[in-house]
Peer 1: 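Okay, here's the structure, questions in a sec.
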Protein chains: 2
Amino acid sequence: MKVTISDVARLAGVSTATVSHTINSTRYVSGETKEKVYRAIAELGYTPDASARSFRTGKKKTIGFIVPDISNKFFATMIESVENYLSAHGYHLIIANTKENPEREETNIRLLSAGLVDGLLIASTMEDFSRFESLIPAGFPVVLVDRTFDTKRFPSVSVSNFQPIYRSVCRLAGKGDKRIGMIGGLPRLSSTKERIAAYQEAVADCGLPQDDLLIRYGNSMENSAQSCLDELLEQKCDALVVAQGLMASETVIYLHKKGFKLGEDIDLVTFVDYDSDINYLYSNQMDCIIQPVEKLGETAGELILQRIETPDAPAFEQVLTSTYQPCGM
Amino acid sequence: MKVTISDVARLAGVSTATVSHTINSTRYVSGETKEKVYRAIAELGYTPDASARSFRTGKKKTIGFIVPDISNKFFATMIESVENYLSAHGYHLIIANTKENPEREETNIRLLSAGLVDGLLIASTMEDFSRFESLIPAGFPVVLVDRTFDTKRFPSVSVSNFQPIYRSVCRLAGKGDKRIGMIGGLPRLSSTKERIAAYQEAVADCGLPQDDLLIRYGNSMENSAQSCLDELLEQKCDALVVAQGLMASETVIYLHKKGFKLGEDIDLVTFVDYDSDINYLYSNQMDCIIQPVEKLGETAGELILQRIETPDAPAFEQVLTSTYQPCGM
DNA sequence: CTGAAAGCGCTTACAG
DNA sequence: CTGAAAGCGCTTACAG
């Protein structure tokens with residue numbers, strides 16, 4: 001049978017209060033009494049029941065992370081980094097995967113916020129903020145990760161999207177490229193919107209032709225780049241900007257198979273998950289925008305624990321900067 | 001304040017028992033009463049507290065997965081597949097990362113088995129079975145994933161390691177290769193041991209020179225292939241077998257950078273995580289051993305839920321087969 | 001320096 | 001067809 005705190009108390013000849021205080025160092029216990037308690041614990045092989053404890057205290061010591069796509073290495077690395085931070089602070093991590101499906105996100109928010117976790121990290125795939133907001137119980141600690149909403153009611157950590165895209169378009173224009181194709185992720189995501197907007201402004205500012213046919217969208221998951229590429233190549237692009245990591249890898253592979261020489265037949269700028277294989281192989285043939293994935297995860301961990309401490313602190317946005325790595329550096 | 005089942009009962013004018021039974025459909029409740037209960041729930045915005053419920057029932061509806069390296073896409077994909085299976089069956093998934101560190105594994109087993117989860121999936125990095133076994137509370141549901149122990153006391157799901165490696169060595173020998181280098185993962189892992197043994201037997205059976213200098217070990221994580229490769233290239237290998245996915249990617253990149261042409265200057269056989277970028281690019285230049293990652297995850301989920309149902313069923317090993325994909329197929 | 005006891009929010013025999 | 005009440009295993013004021 002299960003060994004409980006009462007069994008320990010009985011064997012040690014003390015109260016359950018004393019056992020509890022001994023284990024948790026939450027009030028003074030004499031050396032002699034401690035001794036007896038620890039002996040009883042050892043003899044019975046007692047382990048406090050985490051479930052009872054968290055029920056009693058209301059603290060689960062667990063954070064939920066709602067991720068759009070675990071098998072995307074960008075998120076996998078982020079999960080690792082979050083887990084690393086949290087476990088160092090005595091927290092566990094529950095993972096939920098939405099596969100960019102808003103219904104799955106909704107279900108998971110409901111399930112996890114109903115007493116399973118102390119706080120939620122969400123890389124949301126939702127477009128509608130009011131729908132999103134209505135799912136979060138009042139005062140429940142939430143931090144948005146990588147993707148934000150126009151309405152800034154939750155704290156967030158994300159990556160600067162505008163500047164690196166703007167800059168790369170200018171550089172391409174400077175090289176003499178005229179028709180610059182753009183591939184973005186899911187159109188509804190804040191990250192995609194910001195990147196597309198940066199592209200559009202840069203194209204206009206550099207005096208290049210503005211053509212909606214030069215902008216294509218994928219689904220932010222695997223195997224969605226190819227059809228975009230076919231369409232852009234038909235448009236006779238002399239350069240491509242790929243604003244999403246997974247699609248970037250696919251682009252490199254596809255161009256390679258089609259026999260394009262990067263930097264000669266076509267110029268390429270890509271967002272990369274920083275330790276992608278492709279990046280190692282081709283970093284000398286394309287410009288890369290390298291995201292601080294680990295920093296993103298660590299900051300997310302930091303913010304959510306802060307949030308749990310002080311749920312009513314004003315929400316603020318934290319924006320990390322990507323590294324711009326031109327060809328061959 | 002928090003809305004509890006008593007608040008609902010009071011407002012609906014029924015007992016908490018009736019509210020509970022209504023929510024859970026666990027005994028007959030008249031239509032009229034149900035109506036009242038649901039109205040009260042809606043009015044108060046009541047959500048049952050998962051923590052209280054799991055404390056009471058002893059069922060957490062949560063599985064722990066102890067993973068050696070989340071950022072390794074092999075495991076990331078497996079996590080996705082496990083999560084997928086579990087969430088479809090009403091379970092949550094807690095992730096712990098060991099970074100191939102036995103102490104971290106030990107800590108995590110202790111923490112998670114102490115009332116946090118109903119069962120544990122473990123891809124263990126431990127060598128010593130008795131140490132491992134001593135950490136698992138008697139009768140606690142455990143399933144070993146990808147890596148097993150010689151002593152078969154826990155159920156497990158893993159991938160056949162012997163046959164594909166044996167076969168690849170024979171094929172290389174058949175092509176005329178004489179000095180076949182072998183790179184394995186962490187020497188203590190069952191997967192590594194089996195793969196090395198297969199290599200050794202095949203080398204002997206094919207009448208090739210047996211030379212310990214042809215066998216090198218990495219750490220099963222990132223950036224450990226290079227030094228192995230330098231040593232093997234010094235041994236004038238005409239073929240390489242890389243028995244670990246991450247190291248395989250690194251090998252391809254390194255050989256590429258060194259200017260080797262695969263299949264001409266050197267023959268290559270690799271274990272691959274099936275959707276690796278590298279595989280897409282080079283599958284026509286090397287033999288691949290493709291692991292059924294998703295099936296592995298799904299089976300792991302299946303086995304652990306079975307185990308929770310019937311913890312005393314005899315432990316059995318489930319071995320999945322890899323696909324052998326020769327050059328250019 | 002320590003103990004007796006209430007109570008966290010549910011579920012579930014037991015009883016009618 | 002439904003209710004009163006015990007109890008899961010802890011923690012924590014309150015009291016001495």
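Note on naming: letters A, B, ... go to the chains in the order of the sequence lines (proteins, then strands), and numbering restarts at 1 for each one.
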Peer 1: Test of understanding: with side-chain contact (heavy atoms from CB on, under 4.5 Å), list the residues that count as partners of A/S15, not counting sequence neighbours.
Peer 2: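 A/S15 satisfies side-chain contact (heavy atoms from CB on, under 4.5 Å) with A/A17, A/T18 once adjacent residues are dropped.
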Peer 1: Who passes salt bridge (charged side-chain N to carboxylate O under 4.0 Å, His left out) against A/E80, sequence neighbours left out?
Peer 2: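 Per chain and number, A/E80 pairs via salt bridge (charged side-chain N to carboxylate O under 4.0 Å, His left out) with B/K99.
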Peer 1: What string of B, S and - do you get for nucleotides 6-16 of chain D 5' to 3' if you count protein non-hydrogen atoms under 4.0 Å?
Peer 2: BBBBBBB-B--
Peer 1: Run through DNA chain D and report every stem of 3 or more consecutive Watson-Crick or G-U pairs, distances under 3.5 Å, ordered by first number.
Peer 2: C:1-3 with D:14-16, C:5-12 with D:5-12, C:14-16 with D:1-3
Peer 1: Distance-only criterion, 3.5 Å: show the donor-acceptor pairs between side-chain atoms of residues 87-94 of chain A and protein atoms not counting sequence neighbours.
Peer 2:
{"residue": "A/S87", "atom": "OG", "partner": "A/E83", "partner atom": "O", "Å": "3.1"}
{"residue": "A/S87", "atom": "OG", "partner": "A/N84", "partner atom": "O", "Å": "3.4"}
{"residue": "A/H89", "atom": "ND1", "partner": "A/Y85", "partner atom": "O", "Å": "2.8"}

Peer 1: So which pairs with a foot in residues 22-32 of chain B pass salt bridge (charged side-chain N to carboxylate O under 4.0 Å, His left out), sequence neighbours left out?
Peer 2: none
Peer 1: Please list every donor-acceptor pair under 3.5 Å in which a side-chain atom of residues 132-144 of chain A meets a protein atom from a residue at least two apart or in another chain.
Peer 2:
{"residue": "A/E133", "atom": "OE1", "partner": "A/R153", "partner atom": "NH1", "Å": "3.0"}
{"residue": "A/E133", "atom": "OE2", "partner": "A/R153", "partner atom": "NH1", "Å": "2.8"}
{"residue": "A/S134", "atom": "OG", "partner": "A/R131", "partner atom": "O", "Å": "2.7"}

Peer 1: Which pairs of donor and acceptor atoms, one on a side chain in residues 39-51 of chain B, lie under 3.5 Å apart (sequence neighbours left out)?
Peer 2:
{"residue": "B/D49", "atom": "OD2", "partner": "B/S51", "partner atom": "N", "Å": "3.2"}
{"residue": "B/D49", "atom": "OD2", "partner": "B/A52", "partner atom": "N", "Å": "2.7"}

Peer 1: Show every side-chain hydrogen bond (donor to acceptor under 3.5 Å, both in side chains) that has at least one partner inside residues 135-149 of chain B, sequence neighbours left out.
Peer 2: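 For residues 135-149 of chain B, and leaving out neighbouring residues, the side-chain hydrogen bond (donor to acceptor under 3.5 Å, both in side chains) pairs sorted by first residue read B/E100-B/R147.
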Peer 1: What residues form a salt bridge (charged side-chain N to carboxylate O under 4.0 Å, His left out) with A/D7, not counting sequence neighbours?
Peer 2: A/R10
Peer 1: Expected output is a numbered-order residue list: members of residues 30-41 of chain A with a heavy atom under 4.0 Å from any atom of DNA chain C. What is it?
Peer 2: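 Of all residues in residues 30-41 of chain A, the ones placing a heavy atom under 4.0 Å from DNA chain C are A/S30, A/T33.
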Peer 1: Between A/K60 (side chain only) and A/G58 (backbone N and O only), is there a donor and an acceptor less than 3.5 Å apart?
Peer 2: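 The answer is yes, because a donor-acceptor pair under 3.5 Å joins these two groups.
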Peer 1: Quick test of your reading: applying salt bridge (charged side-chain N to carboxylate O under 4.0 Å, His left out), list the pairs with at least one residue in residues 301-317 of chain A, sequence neighbours left out, ordered by first then second residue.
Peer 2: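 Those involving residues 301-317 of chain A are A/K152-A/E317.
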